[in-house]
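What follows is a short report on a single structure.
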Amino acid sequence: MIKKKVFYLDFSLLFNMQRELDAYIESRHGLEGENLLRRKLLAFHVELAELANETRCFKFWSEKEPSEDKVILEEYVDGIHFMLSIGLELNLDNEIMNYPRGEKQFGKNLVPFFEEVMNAVTRLQYDGGRMEYLNLCLAYLNLGCALGFSSEQIMEAYMKKNSVNYDRQNDGY
């Protein structure tokens, strides 16, 4: 049986929070005005791989269970940070603020969702346009739905991780 959830994120709030965090990081590291798109895309790839590793969805050879939902959610939210940061780098932060509310399906087979995100990142790397970014956002948000997370869980986890990211900057991370 396929379950459905209503999924909606407040992108205005998220982009504003990410803009402030990015500015803080760039200021602390002397990166103001530097094009960081390629590094942010690579960081997103790494976070996506870490997320896949925690879900263990591709590890057909292993009987070990996935990590706890809390761990998987934190890894997912790390990707949200970079997804937003990429949008800011491309000046597309106004493009997905009205992501439609709706029902998304989720289930056990996560591999196609990860593949869709990987393909979207690759298309964005090579084409770098508005539609490619929107497709990346949609694919990543659909992955969040497939993982079974609610928009409320994602928003709460994002806010917690945002605070952790500031603390890390202040501690010389």
Side-chain angles (χ1 to χ4, degrees), residues 4-27 29-59 72-107 109-149 151 154-155 157-158 161-162 165:
K4 293 185 176 189
K5 286 190 175 186
V6 174
F7 194 79
Y8 179 76
L9 297 176
D10 183 350
F11 283 104
S12 178
L13 175 63
L14 291 173
F15 272 117
N16 285 335
M17 291 177 70
Q18 191 64 46
R19 183 180 294 106
E20 289 174 10
L21 178 61
D22 284 0
Y24 187 72
I25 291 170
E26 290 169 19
S27 172
H29 296 278
L31 299 169
E32 300 95 339
E34 187 173 327
N35 185 333
L36 300 172
L37 181 61
R38 291 179 68 195
R39 289 197 245 180
K40 290 178 181 184
L41 286 166
L42 178 57
F44 184 86
H45 269 291
V46 170
E47 294 301 338
L48 184 64
E50 290 177 3
L51 174 61
N53 197 48
E54 294 298 338
T55 70
R56 304 181 61 80
C57 65
F58 63 95
K59 295 187 176 188
I72 294 171
L73 178 58
E74 186 172 327
E75 290 297 341
Y76 179 77
V77 167
D78 286 344
I80 292 282
H81 274 85
F82 283 105
M83 181 187 83
L84 296 168
S85 192
I86 290 165
L88 292 169
E89 196 74 27
L90 294 170
N91 295 312
L92 294 174
D93 49 304
N94 290 318
E95 295 295 321
I96 65 167
M97 283 197 200
N98 295 316
Y99 180 77
R101 298 171 193 247
E103 294 182 347
K104 300 293 177 191
Q105 298 179 1
F106 67 97
N109 187 5
L110 297 173
V111 172
F113 292 95
F114 278 99
E115 290 173 334
E116 197 58 40
V117 176
M118 290 185 299
N119 290 337
V121 174
T122 300
R123 286 189 299 271
L124 180 59
Q125 284 176 304
Y126 292 104
D127 296 329
R130 175 183 174 277
M131 285 309 300
E132 289 76 23
Y133 177 67
L134 293 175
N135 287 333
L136 170 61
C137 294
L138 180 61
Y140 198 67
L141 295 172
N142 283 338
L143 174 59
C145 289
L147 291 166
F149 298 129
S151 49
I154 293 169
M155 289 294 291
Y158 178 89
K161 188 60 183 261
N162 192 271
N165 286 339

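Only a predicted model underlies this, so the values are computations on that prediction, with no experimental measurement involved.
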- Task: Give the C-alpha distance, both sets of side-chain angles, the deciding distance and a yes or no for side-chain contact (heavy atoms from CB on, under 4.5 Å) between Met83 and Tyr133.
- Result: CA-CA 9 Å; Met83 181 187 83; Tyr133 177 67; 4.2 Å; yes
- Give the minimum heavy-atom separation between Ser85 and Lys40, together with the two atoms involved. OG-NZ, 2.9 Å
- Task: Determine the minimum heavy-atom distance between Phe82 and Ala43, stating which atoms define it.
- Result: CE2-CB, 3.4 Å
Looking only at atom types and distance, does a side-chain atom of [X] sit under 3.5 Å from a main-chain N or O of [Y], one as donor and one as acceptor?
X: Tyr76; Y: Leu147; answer: no
X: Asp127; Y: Gly129; answer: no
X: Asn53; Y: Ala49; answer: no
X: Ser27; Y: Tyr24; answer: no

- Query: So, do Leu143 and Leu48 sit near enough that their side-chain heavy atoms are less than 4.5 Å apart?
  - Reply: yes
- Task: Would you indicate whether the side-chain heavy atoms of Glu132 and Leu136 approach each other to under 4.5 Å?
- Result: no
- Does the side-chain contact (heavy atoms from CB on, under 4.5 Å) test come out yes or no for Phe11 and Leu84, once each step is laid out? CA-CA 9 Å; Phe11 283 104; Leu84 296 168; 4.1 Å; yes
What pairs of donor and acceptor atoms, side-chain ones from residues 110-124 against any protein atom, are under 3.5 angstrom apart with sequence neighbours left out?
from, atom 1, to, atom 2, distance (Å)
Asn119, ND2, Glu115, O, 3.3
Thr122, OG1, Met118, O, 3.1

How long is the span from the [atom1] atom in [X] to the [atom2] atom in [Y], to the nearest 0.5 Å?
X: Leu88; Y: Asn16; atom1: CG; atom2: CG; answer: 9.0 Å
X: Met17; Y: Asn165; atom1: CE; atom2: CG; answer: 10.0 Å
X: Met131; Y: Leu92; atom1: CE; atom2: CG; answer: 11.0 Å
X: Asn109; Y: Cys57; atom1: CG; atom2: SG; answer: 8.0 Å
X: Leu21; Y: Glu26; atom1: CG; atom2: CD; answer: 9.5 Å
X: Arg39; Y: Ile86; atom1: CZ; atom2: CD1; answer: 13.5 Å

- Item | salt bridge (charged side-chain N to carboxylate O under 4.0 Å, His left out) evaluation trace for Glu89 with Arg38 | CA-CA 10 Å; Glu89 196 74 27; Arg38 291 179 68 195; over 6 Å; no
- Task: Walk me through it: do Leu141 and Ile80 pass the test side-chain contact (heavy atoms from CB on, under 4.5 Å)?
- Result: CA-CA 9 Å; Leu141 295 172; Ile80 292 282; 4.2 Å; yes
- Item | Criterion side-chain contact (heavy atoms from CB on, under 4.5 Å) on Glu47 and Glu50, from CA distance to verdict | CA-CA 5 Å; Glu47 294 301 338; Glu50 290 177 3; 3.1 Å; yes
- Query: Tyr158: what forms a ring pair (Phe, Tyr, Trp, His ring centres under 6.0 Å) with it, not counting sequence neighbours?
  - Reply: His81
- Message: For Leu73, run the side chain to side chain contact (heavy atoms under 4.5 Å, CB included) check against Asp78, Ile154, Leu51 and tell me which one passes.
- Response: Ile154
